Amino acid sequence: MDVMGDKATLLETGRFVQPADREDPGAAADEMRHRLAAEAGDVDAMSVLGSLLLRRGDLDGAESLLRAATAEGDRAAANNLGVLLHQRGYADEAAGWWRVAAVAGSAAAAHALGRHHRERGDEPAAEYWLRQSAEQGHALGAYALADLLEHRGDVGAERWMRASAERGHREAAYRIARALDRRATAERTDDGGGRSAAAEAEQWYRQAAARGHRRAALHLGAILEQRGELKEAGRWYLNSAKDGEARAACALGFLLRDAGDEESAAVWWLKAAQDGDGNAANALGALHAERGETQTAERWYRAAMDAGDVNGAYNLGLLCAEQGRTAQADQWYRRAAYAGHREAANALAVLLLQGGDAAGAEPWFSKAAEAGSVDAAFNLGILYASRDDEGSALPWYERAAAAGHTEAALQVGTARLREGDEQDAERHLRCAAGGGSAEAAYRLGTVLDARRSAAGPPALGEPAAEKTECEEWYERAAQQGHRRAQVRVGMLAAGRGDVVEAARWYRLAADAGSRNGAFNLGLLLAREGSEPEAALWWTRAADAGHGRAALRLALLYARRGQLVEGQRWASRAVELGPAEVSERAARLREALQQELTA
């Protein structure tokens with residue numbers, strides 16, 4: 001009758017779970033019954049009553065009963081006597097009674113004896129007794145055996161870890177899940193697989209979490225959050241956080257923040273930060289910084305740094321930089337950068353560059369870029385380009401572009417166009433344009449535009465042609481305020497005969513300062529018979545340095561008989577060019593001069 005050793009719940013340390021102090025009339029009656037039977041010499045009652053007293057912490061009362069039962073051959077009493085003696089510090093005597101119980105078939109005693117030998121460094125003896133326990137189906141024995149074998153790198157460890165987990169051992173379930181998680185990550189890296197291992201890992205996390213394993217609940221929450229199952233993820237984070245897992249409290253805070261409940265998020269971040277979670281302290285710092293509470297923000301960033309989170313120093317640098325405290329920003333950036341924070345290294349380099357120290361900035365940009373900072377790789381390219389060292393700049397642009405940096409992709413695309421590699425240029429320009437770069441969209445439009453055959457306005461009665469891909473890219477850039485793209489969209493609309501659309505785009509470009517837009521709008525208005533308004537736009541374009549607009553004005557004033565004004569604009573056109581315009585304007589100016597002196 002193995003009451004204490006085989007049926008009671010033990011912690012993994014070997015100590016008993018202490019129940020809450022509650023008066024249970026039924027338990028009291030059972031205890032009285034066992035006491036009376038024990039006094040009458042009932043061995044089973046002595047063993048059970050001894051185990052009850054041991055559980056309660058009454059070691060003196062338990063010992064005499066357990067020794068008496070053990071003397072009568074009760075193996076459970078022998079096991080529990082070993083537990084009692086171990087608690088009193090008599091480890092060797094405890095091991096002797098565990099051996100008696102284990103030889104008699106007690107799996108719990110074999111487990112305790114195996115752990116005793118392992119603590120003393122006798123691994124062969126430990127393995128023998130732990131295996132005896134595990135083979136009898138004891139969950140703790142199987143776990144301890146698996147742990148021993150795993151420590152030695154024995155392939156048999158997984159079998160016993162699974163056996164322990166299947167019998168309800170939550171730490172075993174968690175460790176299996178972690179191993180499967182690592183395997184899934186490795187498989188995804190190697191061949192893009194890993195789904196089956198990841199699915200099995202989730203099941204073991206779920207099993208461990210359901211038994212109250214707080215780290216398993218944390219990992220399960222992360223898996224569910226990544227999958228978009230936020231409500232269930234929140235429940236597991238909450239369970240884990242309530243059990244004291246600071247990382248879960250922090251994750252729950254972010255989940256609540258993303259759901260719009262900033263106040264509740266702050267409560268959980270505060271709990272996590274007070275428990276030493278640096279990430280939560282940083283989140284609190286950012287929250288207060290957004291509210292303009294810079295002193296409180298700084299305090300939390302310092303708390304994050306004290307918790308070992310290097311982001312704390314980086315965030316302190318950002319805070320100081322925003323306040324114009326350059327010297328302090330430099331100090332915090334350096335602290336984070338020396339600790340390996342790549343974005344801090346990039347920020348420090350930017351700070352140095354802004355201060356005119358390009359030579360000091362370069363090694364920090366290099367360090368950050370080599371560590372994987374996409375922004376630093378792009379910035380390093382910009383630095384080399386500023387020195388006209390395009391050969392050194394391009395590899396860094398390429399590295400940043402490969403990581404999805406929009407402006408870097410534009411730079412690579414532009415370089416490929418200069419080299420004549422139109423196909424690779426198009427690929428990079430598409431990436432940059434897709435990332436939101438107006439300039440890339442415009443340049444992609446020009447590449448595609450150059451390939452298409454020119455099309456005139458539709459014949460009478462024919463529907464207008466659909467927009468080409470190049471026009472769609474021009475339009476995307478134009479909608480983002482790109483002036484040359486706006487002019488080009490206007491030209492394409494005019495080519496289709498859509499005068500209203502053309503005028504709209506020309507006007508947008510002209511209002512934004514495009515002299516070509518103003519010139520083209522003038523042409524459009526002149527064709528539509530609005531010559532006075534056209535003259536206004538040509539004047540704006542000519543004042544901005546547009547030679548053809550100046551020539552148009554000269555011709556307009558000459559036709560009106562305003563020869564002096566025409567001569568003035570002709571002279572302006574000669575100055576502005578280009579060569580063809582200058583030649584025509586010079587001839588016109590000479591003709592007007594002759595007419596004026598005739």
Side-chain angles (χ1 to χ4, degrees), residues 1-19 30 34 37-38 42-59 61-120 122-149 160-161 163-169 171-172:
M1 186 176 180
D2 296 347
V3 177
M4 201 66 164
D6 298 288
K7 295 182 179 177
T9 302
L10 295 174
L11 288 172
E12 291 163 15
T13 59
R15 296 186 179 275
F16 294 106
V17 177
Q18 297 295 333
D30 282 345
H34 289 311
D42 188 309
V43 175
D44 285 348
M46 292 178 194
S47 179
V48 172
L49 183 58
S51 72
L52 290 174
L53 294 173
L54 178 59
R55 183 190 295 273
R56 188 183 298 159
D58 183 359
L59 302 188
E63 184 171 354
S64 59
L65 290 165
L66 292 174
R67 284 190 182 278
T70 299
E72 296 296 328
D74 189 288
R75 70 178 189 185
N79 175 51
N80 290 328
L81 180 57
V83 172
L84 185 149
L85 292 166
H86 187 269
Q87 288 187 12
R88 283 188 157 165
Y90 303 123
D92 291 335
E93 189 180 352
W97 290 114
W98 280 330
R99 182 180 296 275
V100 169
V103 169
S106 171
H111 164 245
L113 186 57
R115 291 192 57 171
H116 169 80
H117 284 297
R118 188 175 183 190
E119 287 169 2
R120 278 152 180 73
D122 187 352
E123 288 198 0
E127 181 180 350
Y128 174 81
W129 289 112
L130 290 175
R131 195 174 292 277
Q132 293 295 315
S133 176
E135 288 175 349
Q136 291 179 65
H138 194 273
L140 289 172
Y143 175 76
L145 176 60
D147 186 67
L148 175 65
L149 296 174
W160 290 111
M161 195 69 79
S164 178
E166 286 163 0
R167 290 168 188 142
H169 195 291
E171 182 66 23

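Positions are given from 1 along the sequence. These numbers come from a predicted model, not from an experiment.
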task: Identify the heavy atoms of Ser64 and Gly61 that sit nearest to each other, and give their distance.
output: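 Heavy atoms of Ser64 and Gly61 come nearest at OG-O, 3.5 Å.
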
Using side-chain heavy atoms (C-beta onward) and a distance below 4.5 Å, is [X] in contact with [Y]?
X	Y	value
His116	Asp92	yes
Arg67	Leu84	no
Asp74	Met46	no

So salt bridge (charged side-chain N to carboxylate O under 4.0 Å, His left out) across residues 136-148, not counting sequence neighbours, yields Arg118-Asp147, Asp147-Arg175

Residues at least two apart in sequence or cross-chain that pass side chain to side chain contact (heavy atoms under 4.5 Å, CB included) with Ala104, listed by chain then number, are Arg75

Across all chains, not counting sequence neighbours, the side chain to side chain donor-acceptor pair (under 3.5 Å) partners of Glu72 are none

Those residues at least two apart in sequence (or on a different chain) that pass side chain to side chain donor-acceptor pair (under 3.5 Å) with Arg88 are Asp60, Glu63

Mind listing the side-chain donor-acceptor pairs of residues 94-103 below 3.5 Å, one per line with the distance, residues two or more places apart or on another chain?
residue	atom	partner	partner atom	Å
Trp98	NE1	Asn79	O	3.1
Trp98	NE1	Asn79	OD1	3.4

Can you tell me if Thr70 uses its side chain to pair, donor with acceptor, with the backbone of Leu66 under 3.5 Å?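 Confirmed, Thr70 side chain pairs with Leu66 backbone.
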
Discussion item. Looking at Ser47 and Asp44, would you say the former's side chain and the latter's main chain have a donor-acceptor pair under 3.5 Å?
Written reply: no

Using residues 125-137 as the side-chain source, report each donor-acceptor pair under 3.5 Å to any protein atom, sequence neighbours left out, with the distance given to one decimal.
residue	atom	partner	partner atom	Å
Glu127	OE1	Arg152	NH1	3.2
Glu127	OE1	Arg152	NH2	2.6
Glu127	OE2	Arg131	NH2	2.8
Ser133	OG	Ala107	O	2.9
Gln136	NE2	Gln132	O	3.2

Next item on the list: To the nearest 0.5 angstrom, please state how far the CG atom of Leu81 sits from the CG atom of Leu65.
Entry: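 One finds 11.0 Å between CG of Leu81 and CG of Leu65.
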
